[in-house]
Asker: 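My questions all concern the structure below.
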Amino acid sequence: MARSRSSSSSARWRYLHPSYYLKRPARLALLFVAFVFATFAVWDRQTLVREHEVEVGRLKDQLNRLQDQLRKVENRLESSDEHLPGVKLMEKDLVKLDPLSDERREKVKEAMLHAWNSYVTYAWGQDELQPQSKNGVNSFGGLGATLVDSLDTLYIMGLEDEFRKARDWVANSLDFEKDYEASVFETTIRILGGLLSAYDLSGDDVFLEKAKDLADRLLPAWNTTSGIPYNRINFAYGRAHNPGWTGGDSILADSGTEQLEFIALSQRTGDPKYQQKVENTIKQLQKIYPKDGLLPIFINPHSGTPSYSTITFGAMGDSFYEYLLKVWIQGNKTDAVRHYREMWETSMEGLLSLIRKSTPSSFSYICEKNGDTLSDKMDELACFVPGMLALGASGYGLEKDQKMMTLAKELARTCYNFYQSTPTKLAGENYFFHSGQDMSVGTSWNILRPETVESLMYLWRLTGNKTYQDWGWDIFQAFEKNSRIESGYVGLKDVNTGVKDNMMQSFFLAETLKYLYLLFSPPSVIPLDEWVFNTEAHPFRIVTRPNKEDTLGGTNRKFIPKRAVRPFGRKQGRPE
């Protein structure tokens, strides 16, 4: 029977009266159960939507990767006169999709987002984040070191919104007019290198203009009688000097680790003055180069001669040897840069004289040298050497190539075990090798350094051995377990106890996370035959150096990136 309008209305309203439910507990229970199921259904649907979004993003990543591989093959086919070599290249270049590497790479990207968003929230525009106290510090004069250092990492990971926001800060807020005593070395590798890499990747002129402004302020550091630069300079007044604790000497690594950046700047601006300054330094060092290619860490900037001091591939010596190899690669290995390769090969013979093996596990390690005395101490900083050896091995003949690759693999095993030998699975700053004891931690802090994962990335790319990916994943997991906190990443005061410090170093975003990301990416992402990394992991385009040149290949024609590089992956994940 049809109900009247009024009775139907009364029936509806009775459901709002409490007595209806008090008299009917069964109905109340059923209604509650229905409510719970509905809530879970909505939550489950939202979860499915999020999972779908992640899966779509992953598939887009794979599509981008395949398109990048296809572009590379097409470019090579266009430059090839024969079809058969092109077919072989296609078979070699097309990398099989690896779901495990995809998953690991996304985890690293999420870690980068966590580090970046923490910096944005608590230290935006300042040099570095102190995560425990949730504030920023200007440890490099207020140049936004973490921001500039992170530009290319953001770009390579496809974090477009984050990159664009950082780019706008550089355009509108980055200012070098500061009364500040800057480290020429740190400013060059982090800030100048970060700007140049962002330019090479994006093609945005704002980065090149800022790089030129900065380099012009650094140039007075090279105004010495020998051409060996001073290592500190005041931006506002152009006054250069060396720190007092060096006794007035310049540091080898600090003076020999600006060549990549300043040569790149000359190529991109057409102005030879930057290249000339840093190559004069190498000419001076050639004059005093010893037969074993091993220079002490202190050089007199007036006489250009070495002072009695330690010889090491660790702190204050390391990146000088790295740049000898990489400037040769940067110039595309022509005769114009052959002397860099020759100096590097001489130094590698010296390196071989410093190699010893531990007992009982036969870990290869690199000694330090004082006079005629060897010290059984190796810095974690020296763990860049396996990657350097692997990168340079192909320039030798077959027999020497294999010898250097074998040594690279042995040293990488040692560096990986620097991590595995501690309770936290994170490496200390340096290690001692005592007879019968293998390795023991010396200085026990860990400040999120990248050198070991850098070498693992090179070895994986150059050998295809996935063991290096597994080792890198172990190290990443140790960082996640010990260094990640709610407001960023911190180092450890002691790798034995796990006590945390209060600093997120800018190189953690610039180097450590970037190298981990590339370790789990196809080799077509920033390929090593097209790019060379500076010592802060900033990639520069390889530009052929002509064999006859008076300034820049006989002309002042500048190199301009052919096109902006397409980011590897689209943004995934949500802000913390």
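Counting begins at 1 with the first residue of the sequence.
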Asker: Any chance you could measure E349, atom CD, to L354, atom CG, to the nearest 0.5 Å?
Answerer: 11.5 Å
Asker: Can you tell me if K466 has over 12 outside heavy atoms packed within less than 6.0 Å of its NZ?
Answerer: no
Asker: Do F140 and S183 have side-chain heavy atoms sitting under 4.5 Å apart?
Answerer: no
Asker: Between R413 and Y365, is NZ or CZ placed under 6.0 angstrom from the six-membered ring centre and within 45° of the ring axis?
Answerer: no
Asker: Would you say the side-chain atoms of H241 and E181 include a donor-acceptor pair closer than 3.5 Å?
Answerer: yes
Asker: I'd like to know if the side chain of T463 reaches the main chain of N465, judged simply by a donor and an acceptor atom lying under 3.5 Å from each other, with no hydrogens or angles considered.
Answerer: yes
Asker: Checking the side chain of D254 only, and the main-chain atoms of F185 only, is there a donor and an acceptor separated by less than 3.5 Å?
Answerer: no
Asker: Step by step, work out the salt bridge (Lys or Arg N to Asp or Glu O under 4.0 Å) result for K107 and E103.
Answerer: CA-CA 6 Å; K107 293 288 187 182; E103 180 182 347; 5.6 Å; no
Asker: Please lay out, stage by stage, how E110 and R484 fare under the test salt bridge (Lys or Arg N to Asp or Glu O under 4.0 Å).
Answerer: CA-CA 12 Å; E110 190 279 329; R484 180 168 177 150; 2.9 Å; yes
Asker: Main chain of P296, side chain of S309: is a donor-acceptor contact present, judged purely on distance under 3.5 Å?
Answerer: no
Asker: So, for L374 and R356, which heavy atoms are closest and what is the spacing to 0.1 Å?
Answerer: CD1-NH2, 2.9 Å
Asker: What's the shortest heavy-atom distance between N534 and Y323, and which atoms?
Answerer: CB-OH, 3.2 Å
Asker: Taking the side chain from D200 and the backbone from R541, do they hold a donor-acceptor pair closer than 3.5 Å?
Answerer: yes
Asker: Using 30° and 60° as the class limits, which term best fits the ring planes of F163 and F207: parallel, tilted or perpendicular?
Answerer: tilted
Asker: How about T535 and E322: does a side-chain donor come under 3.5 Å of a side-chain acceptor?
Answerer: yes
Asker: Taking it one step at a time, do M439 and M378 satisfy side chain to side chain contact (heavy atoms under 4.5 Å, CB included)?
Answerer: CA-CA 10 Å; M439 60 182 68; M378 179 176 170; over 6 Å; no
Asker: Of all heavy-atom pairs between F176 and F235, which one has the smallest distance, and what is that distance?
Answerer: O-CB, 3.4 Å
Asker: Walk me through whether S375 and E368 qualify under side chain to side chain donor-acceptor pair (under 3.5 Å).
Answerer: CA-CA 5 Å; S375 172; E368 294 184 347; 5.0 Å; no
Asker: Nearest 0.5 Å, what's the OG1-CG distance between T422 and N417?
Answerer: 10.5 Å
Asker: List the steps, then state whether side chain to side chain contact (heavy atoms under 4.5 Å, CB included) holds for T281 with Q259.
Answerer: CA-CA 9 Å; T281 299; Q259 283 69 30; 4.0 Å; yes
Asker: State, yes or no, whether a side-chain contact exists between I542 and E530 at a heavy-atom distance under 4.5 Å.
Answerer: no
Asker: Suppose we call two aromatic rings close when their centres sit under 6.0 Å apart. Are F479 and Y489 close by that rule?
Answerer: no
Asker: So, S197 side chain and P539 main chain: donor-acceptor pair closer than 3.5 Å or not?
Answerer: yes
Asker: Applying side chain to side chain contact (heavy atoms under 4.5 Å, CB included), run through Y396 and Q402 and close with a yes or a no.
Answerer: CA-CA 9 Å; Y396 289 107; Q402 292 176 342; over 6 Å; no
Asker: What is the distance from atom CG of L352 to atom CD1 of I366, rounded to the nearest 0.5 Å?
Answerer: 10.0 Å
Asker: Could you give me the CA-CA distance, side-chain angles and deciding distance for V108 and L519, then say whether side chain to side chain contact (heavy atoms under 4.5 Å, CB included) is met?
Answerer: CA-CA 10 Å; V108 175; L519 178 63; over 6 Å; no
Asker: Evaluate the criterion ring-ring contact (aromatic ring centres under 6.0 Å, His included) for residue pair Y515 and F533; output intermediate values, then yes/no.
Answerer: CA-CA 10 Å; Y515 281 132; F533 291 91; 5.7 Å; yes
Asker: Under a 3.5 Å cutoff, is there a donor and acceptor pairing between the side chains of T443 and E429?
Answerer: no
Asker: Start with the C-alpha distance between Y468 and S455, add both sets of side-chain angles, then the distance that settles side chain to side chain donor-acceptor pair (under 3.5 Å), and finish with yes or no.
Answerer: CA-CA 9 Å; Y468 301 116; S455 285; over 6 Å; no
Asker: Compare all side-chain heavy atoms of I191 with those of K210 and state whether any distance is below 4.5 angstrom.
Answerer: no
Asker: Would you confirm whether R104, through its side chain, and L516, through its main-chain N or O, come within 3.5 Å as a donor-acceptor pair?
Answerer: no
Asker: Considering only heavy atoms from C-beta outward, does the side chain of V170 approach that of L147 to under 4.5 Å?
Answerer: yes
Asker: Any donor-acceptor pair under 3.5 Å linking the side-chain atoms of S139 with those of D127?
Answerer: no
Asker: Under 3.5 Å, side chain of T153 to main-chain N/O of L509, donor-acceptor pair present?
Answerer: yes
Asker: Is the NZ atom of K178 crowded by more than 12 outside heavy atoms at less than 6.0 Å?
Answerer: yes
Asker: Less than 4.5 Å apart, side chain to side chain, heavy atoms only: is that true for M457 and K514?
Answerer: no
Asker: Are P301 and N242 close enough that some pair of their side-chain heavy atoms sits under 4.5 Å apart?
Answerer: yes
Asker: Under 3.5 Å, side chain of T359 to main-chain N/O of S435, donor-acceptor pair present?
Answerer: no
Asker: Heavy-atom count around K500 NZ within 6.0 Å, excluding the residue itself: above 12?
Answerer: yes
Asker: For L459 versus A408, what's the shortest heavy-atom pair and its separation?
Answerer: CD1-O, 4.1 Å
Asker: Rounded to the nearest 0.5 Å, how far apart are CH2 of W445 and CG of N430?
Answerer: 8.0 Å
Asker: Identify the two heavy atoms, one from L351 and one from V385, that lie closest to each other, and give their separation to 0.1 Å.
Answerer: CD2-CG1, 4.0 Å
Asker: Taking the side chain as every heavy atom from C-beta outward, state whether I299 and S255 have any pair of such atoms under 4.5 Å apart.
Answerer: no
Asker: Decide yes or no for D474 and Q420: does some side-chain heavy atom of the first lie under 4.5 Å from some side-chain heavy atom of the second?
Answerer: yes
Asker: Within a 6.0 Å radius of atom NZ on K481, are there more than 12 heavy atoms belonging to other residues, nucleotides or ligands?
Answerer: no
Asker: Whether the side chain of Q330 engages the backbone of L260 through a donor-acceptor N/O pair (distance < 3.5 Å, no angle test) should be reported.
Answerer: yes
Asker: How long is the gap from CZ on R105 to CH2 on W473, to the nearest 0.5 Å?
Answerer: 11.5 Å
Asker: Distance only, no hydrogens: is a donor on one side chain within 3.5 Å (strictly under) of an acceptor on the other, for T424 and N482?
Answerer: no
Asker: Looking at W116, I'd like to know if the NZ or CZ of K165 sits under 6.0 Å from its six-membered ring centre while staying within 45 degrees of the ring's axis.
Answerer: no
Asker: Among residues at least two apart in sequence or on other chains, which ones pass side-chain contact (heavy atoms from CB on, under 4.5 Å) with S307?
Answerer: D249, F298
Asker: What's the separation between atom OG in S358 and atom CG in D376, rounded to the nearest 0.5 Å?
Answerer: 10.0 Å
Asker: Taking all heavy atoms of N502 and all of Q132, pick out the closest pair and write down the distance.
Answerer: OD1-N, 2.6 Å
Asker: Where the side chain of S421 meets the backbone of F418, is there a donor-acceptor pair that is under 3.5 Å apart?
Answerer: yes
